[in-house]
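Since the structure comes first, as structure tokens, the remarks are kept for the end.
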Amino acid sequence: MKFFHTADWHLGKLVQGIYMTEGQRYVLDQFVEAVEEEKPDAVVIAGDLYDRAVPPTEAIALLDEVLGKITMELGIPVLAIGGNHDSPGRLHFGSGLMRVNGYHIAGQMTKVIEPVVLSDDYGEVHFHLVPFADPSVVKHLHEDETIVNHNDAMKKVTATIREQMAEGVRHVFVGHAFVTPHGESENNTSDSERPLAIGGAEYVSAHLFEGFNYTALGHLHQAHYVLNETVRFAGSPMKYSISEEHHNKGFLIIELDAAGQVSVEKRELKPKHDMRTVVGTMEDILLHPVSEDYVFVKLLDETPVLFPMEKVRSVYPNAMHVERKVLMLTANAVDEQRMEHGKHDDLALFKAFYEEMKGEAADVETETLFSEVLHEVMHKEGTQL
């Protein structure tokens with residue numbers, strides 16, 4: 001059986017005040033084209049279809065368009081779950097009606113998880129759709145007070161599934177969680193993904209998925225496997241943060257043979273506009289060719305630049321952020337420094353400030369320039385040095 005594994009579409013995503021809908025449509029058009037060409041037996045979406053519980057109208061329309069094309073026009077079933085960004089009730093609404101048309105969505109956690117059964121030439125494949133497993137919800141459903149974190153919740157869910165797993169068929173687990181090899185703490189692969197819990201309680205051990213032929217995961221935005229090659233994150237289809245700058249975005253093509261052995265192919269998606277960092281002085285940046293990429297600019301100018309974003313956007317119209325790597329003292333810090341240096345005159349104070357900020361002493365030319373400017377300012381104020 002061949003199926004596509006994707007996740008973390010985050011439709012309706014807003015990055016630095018810019019909606020990503022246009023770019024999302026661009027990559028999802030490529031995804032649908034691949035579905036049409038490859039004709040997989042199913043498409044699996046492992047959570048976070050939307051970026052927030054109440055998505056904008058454009059995001060809802062885009063999802064409706066994509067799912068309608070895959071299920072209604074191409075006749076390929078879609079198996080999806082809710083993620084931590086999705087509204088369980090909104091996703092689950094109408095799930096029974098949509099199932100008739102090939103769209104299987106598990107938005108809300110239930111105590112008993114009935115598998116979606118698909119078949120190929122070698123028999124049945126059971127897909128176990130497990131939406132984001134909030135520990136408090138799992139604790140309530142199973143009336144188990146020992147569940148206190150995400151690993152406990154997933155342990156209960158997977159154990160319950162195993163009790164009812166049919167023998168002699170292949171099994172695929174679809175989930176949305178922060179899975180690490182042994183449930184240990186790890187850094188997230190993206191700054192754009194919110195934590196699932198506070199204080200290290202969000203991590204889930206990959207050992208809990210033993211017994212499943214393949215585990216299709218969502219939540220982390222970089223595609224990778226955990227512990228073994230059958231437990232995988234598909235990653236997001238496009239970049240949603242500059243922390244994802246070096247990610248290669250796409251989806252996974254999974255094939256299960258008769259014995260349940262897994263083969264994986266990564267298929268990349270080309271973004272309409274890349275997201276990347278641009279470093280240089282303003283003078284150099286203004287010489288760059290015009291680009292519509294989403295850029296985060298780091299200016300190397302030692303002096304302040306007036307209206308930096310306006311200037312940058314003359315070259316990069318979709319620039320998202322501009323910063324200059326120069327430390328500035330607040331008014332309070334200046335007052336404290338004046339107290340620290342006591343009766344130092346203005347030139348001595350400037351020299352101390354310059355050396356503290358630059359890591360080197362001011363040269364004669366810089367001292368002379370400062371003295372001239374200071375003299376001019378104070379002369380205008382009616383004061384002599």
Side-chain angles (χ1 to χ4, degrees), residues 1-13 20-51 58-81 83 98 101-105 116 118-121 125 127 129 170 172 174 176 213-225 229-230 232-240 244 246-257 261-275:
M1 177 169 289
K2 177 169 70 174
F3 61 90
F4 285 7
H5 172 197
T6 180
D8 298 284
W9 289 6
H10 288 278
L11 300 182
K13 182 72 173 179
M20 298 286 100
T21 308
E22 181 184 356
Q24 291 169 330
R25 178 181 295 278
Y26 188 81
V27 296
L28 288 178
D29 282 346
Q30 296 173 55
F31 181 76
V32 172
E33 287 177 7
V35 173
E36 189 169 9
E37 291 174 3
E38 297 280 345
K39 295 181 174 56
D41 296 295
V43 170
V44 171
I45 311 174
D48 281 353
L49 285 77
Y50 294 120
D51 188 60
E58 294 79 6
I60 298 172
L62 179 55
L63 182 63
D64 180 67
E65 179 183 329
V66 172
L67 295 180
K69 175 72 173 180
I70 296 174
T71 60
M72 302 296 289
E73 294 186 30
L74 301 179
I76 295 172
V78 173
L79 287 62
I81 62 171
M98 291 184 286
N101 293 312
Y103 179 46
H104 305 265
I105 175 68
V116 175
L118 300 180
S119 299
D120 61 8
D121 293 339
V125 178
F127 290 83
L129 306 185
R170 293 157 290 170
V172 175
V174 183
H176 192 90
N213 297 99
Y214 183 76
T215 299
L217 295 172
H219 181 58
L220 299 185
H221 287 190
Q222 185 171 30
H224 65 287
Y225 69 85
E229 296 191 8
T230 65
R232 286 185 176 270
F233 286 95
S236 57
M238 63 181 289
K239 300 173 184 178
Y240 292 127
E244 302 176 31
H246 302 296
H247 293 189
N248 295 318
K249 300 299 188 178
F251 61 95
L252 304 177
I253 300 178
I254 311 300
E255 291 200 49
L256 292 177
D257 66 13
Q261 296 299 308
V262 178
S263 64
V264 181
E265 178 189 348
K266 172 72 177 293
R267 188 71 59 84
E268 293 188 6
L269 296 169
K270 181 181 179 181
K272 185 170 187 177
H273 306 306
D274 196 10
M275 186 175 290

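Keep in mind it's a predicted model, so treat the numbers as computed, not measured.
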I would like to know whether Gln30 and Val27 meet side chain to side chain contact (heavy atoms under 4.5 Å, CB included); could you show each step before the answer?
-> CA-CA 5 Å; Gln30 296 173 55; Val27 296; 4.3 Å; yes

Drop me the distance from Ile253's CD1 to Ser263's OG, to the nearest 0.5 angstrom.
-> 9.5 Å

To the nearest 0.5 Å, tell me how far Ile81 CD1 sits from Asp48 CG.
-> 9.0 Å

Derivation of the side chain to side chain contact (heavy atoms under 4.5 Å, CB included) call for Arg232 and Thr215 = CA-CA 6 Å; Arg232 286 185 176 270; Thr215 299; over 6 Å; no

Residues Glu37 and Lys39 bridged, charged N to O under 4.0 Å = no

Can you tell me how far CD1 of Ile254 sits from CZ of Phe3, rounded to the nearest 0.5 angstrom?
-> 5.5 Å

Identify the two heavy atoms, one from Ala234 and one from Ala7, that lie closest to each other, and give their separation to 0.1 Å.
-> CB-N, 4.1 Å

Could you tell me which non-hydrogen atom of Ile70 sits nearest to which non-hydrogen atom of Leu74, and how far apart they are?
-> O-CB, 3.3 Å

Are the side chains of Pro77 and Leu118 in touch, meaning some heavy atoms are under 4.5 Å apart?
-> yes

Counting N and O atoms only, with roles assigned by atom type, does the side chain of Glu36 sit under 3.5 Å from a partner on the main chain of Val32, one being a donor and the other an acceptor?
-> no

Roughly how far, to the nearest 0.5 Å, is CG of Leu28 from CG of Leu269?
-> 8.0 Å

Flag the pair His10 / Met238 as yes when at least one side-chain heavy-atom distance between them is below 4.5 Å, and no otherwise.
-> no

Aromatic ring proximity, centroids under 6.0 angstrom, His5 and Tyr214 | yes

Paired with Ser236, the side-chain contact (heavy atoms from CB on, under 4.5 Å) test is passed by just one of Gln222, His221, Gln24, His247, namely His221

Ala34 meets the side-chain contact (heavy atoms from CB on, under 4.5 Å) criterion, sequence neighbours left out, with Phe4, Phe251

Write down the atom of Ala59, the atom of Gly12, and the distance for their closest heavy-atom approach.
-> CB-N, 3.5 Å

Less than 4.5 Å apart, any side-chain heavy atom of Val172 and any of Val125?
-> yes

First locate atom CG of Leu11, then atom CG of Leu49, and finally report the distance between them rounded to the nearest 0.5 Å.
-> 7.0 Å

Min side-chain heavy-atom separation Arg25-Thr21 under 4.5 Å | no

Lys2 with Asp120: basic N within carboxylate O range, under 4.0 Å = no

Check whether any side-chain N or O of Tyr50 sits under 3.5 Å from a backbone N or O of Lys13 as a donor-acceptor pair, and report yes or no.
-> no

Can you tell me how far the CG atom of Leu252 sits from the OG1 atom of Thr6, to the nearest 0.5 Å?
-> 8.5 Å

Give the minimum heavy-atom separation between Leu217 and Ala46, together with the two atoms involved.
-> C-CB, 3.5 Å

Among Val174, Val78, Leu129, Val44, whose side-chain contact (heavy atoms from CB on, under 4.5 Å) with His104 holds?
-> Leu129

Closest contact, heavy atoms only, Val262 versus Asn213 | CG2-O, 3.2 Å

Lys249 and Glu268 ion-paired at < 4.0 Å = no

Taking atom types as modelled, find out whether Asp8 and His219 have a side-chain donor-acceptor pair closer than 3.5 angstrom.
-> no

Locate the shortest heavy-atom distance separating Asp257 from Arg170; write the atom from each residue and the value.
-> O-NH1, 3.2 Å

Aromatic ring proximity Tyr225/Phe233, centre distance under 6.0 Å | no

Does atom NZ of Lys266 have more than 12 heavy-atom neighbours from other groups under 6.0 Å away?
-> yes

Student check: side-chain heavy atoms of Thr71 and Ile76 closer than 4.5 Å | no

Show your reasoning for whether side chain to side chain contact (heavy atoms under 4.5 Å, CB included) applies to Ile45 and Leu67.
-> CA-CA 11 Å; Ile45 311 174; Leu67 295 180; 4.2 Å; yes

